[in-house]
Amino acid sequence: MEKQVFAALHSAPSNEEIAADLNISTRTVKFHIANIRAKLGGLTRLRLCLLSALHRRGLPALCTSCAQAFAKLPKCSTSAFNLSDASAL
């Protein structure tokens, strides 16, 4: 179920929507997201969503050390992040 929650992150903005899509409880979604974050070095939800989108596009999954390096990247502000750039994912 963890893989399904990860896959749903790119298209469902809330735990409630993921829970409804997968027919599980919101608490179960939170549990799986916490496990995924722990396995990938504590990535933020935004970064998990980006990884999910990349994975969905068929790009290779990141190894644990790459995911940990990704987690250490500086946080960007929403004003510096252009949402139109996300369409290229």
Side-chain angles (χ1 to χ4, degrees):
M1 186 57 63
E2 205 169 84
K3 289 181 182 181
Q4 290 88 349
V5 170
F6 177 72
L9 276 170
H10 80 281
S11 61
S14 71
N15 291 344
E16 291 77 15
E17 288 178 293
I18 294 171
D21 289 347
L22 298 177
N23 213 13
I24 58 176
S25 73
T26 304
R27 186 174 179 196
T28 301
V29 172
K30 289 178 184 179
F31 175 79
H32 287 306
I33 289 175
N35 284 344
I36 295 165
R37 290 185 69 210
K39 288 177 183 180
L40 295 177
L43 294 179
T44 63
R45 187 180 179 104
L46 174 61
R47 290 177 184 196
L48 284 179
C49 292
L50 290 172
L51 283 178
S52 177
L54 290 171
H55 181 68
R56 179 83 174 168
R57 298 283 183 176
L59 297 175
L62 293 177
C63 66
T64 303
S65 60
C66 293
Q68 289 171 348
F70 185 72
K72 293 177 184 174
L73 292 173
K75 293 181 181 176
C76 63
S77 67
T78 53
S79 61
F81 183 71
N82 184 352
L83 292 177
S84 64
D85 292 342
S87 64
L89 295 176

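Because the structure is a prediction, the values reported are computed rather than measured.
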Give, for atom CD of Q4 and atom CG of N23, the distance between the pair rounded to the nearest 0.5 Å.
-> 12.5 Å
pair F6-L51: side-chain heavy atoms closer than 4.5 Å = yes
Would L9 and R45 satisfy side-chain contact (heavy atoms from CB on, under 4.5 Å), going step by step from the backbone distance to the final call?
-> CA-CA 9 Å; L9 276 170; R45 187 180 179 104; 3.7 Å; yes
Would you give the length of the straight line joining atom OG of S25 to atom CD of E16, rounded to the nearest 0.5 angstrom?
-> 11.0 Å
Side chain to side chain, L50 and L43, heavy atoms closer than 4.5 Å | no
Got L22 and V29 here, is their nearest side-chain heavy-atom distance under 4.5 Å?
-> no
CD of E17 to OG1 of T26, rounded to nearest 0.5 Å, is 10.5 Å
S52 and H10 have their tightest heavy-atom pair at OG-N, 3.4 Å
Test item: K39 and I36 side chains (from C-beta on) under 4.5 Å apart, heavy atoms | no
Taking side chain as C-beta onward, heavy atoms only, is K30 less than 4.5 Å from R27?
-> no
Is it the case that one hydrophobic cluster holds both L48 and I24, taking links as side-chain heavy atoms less than 4.5 Å apart, direct or via other members?
-> yes
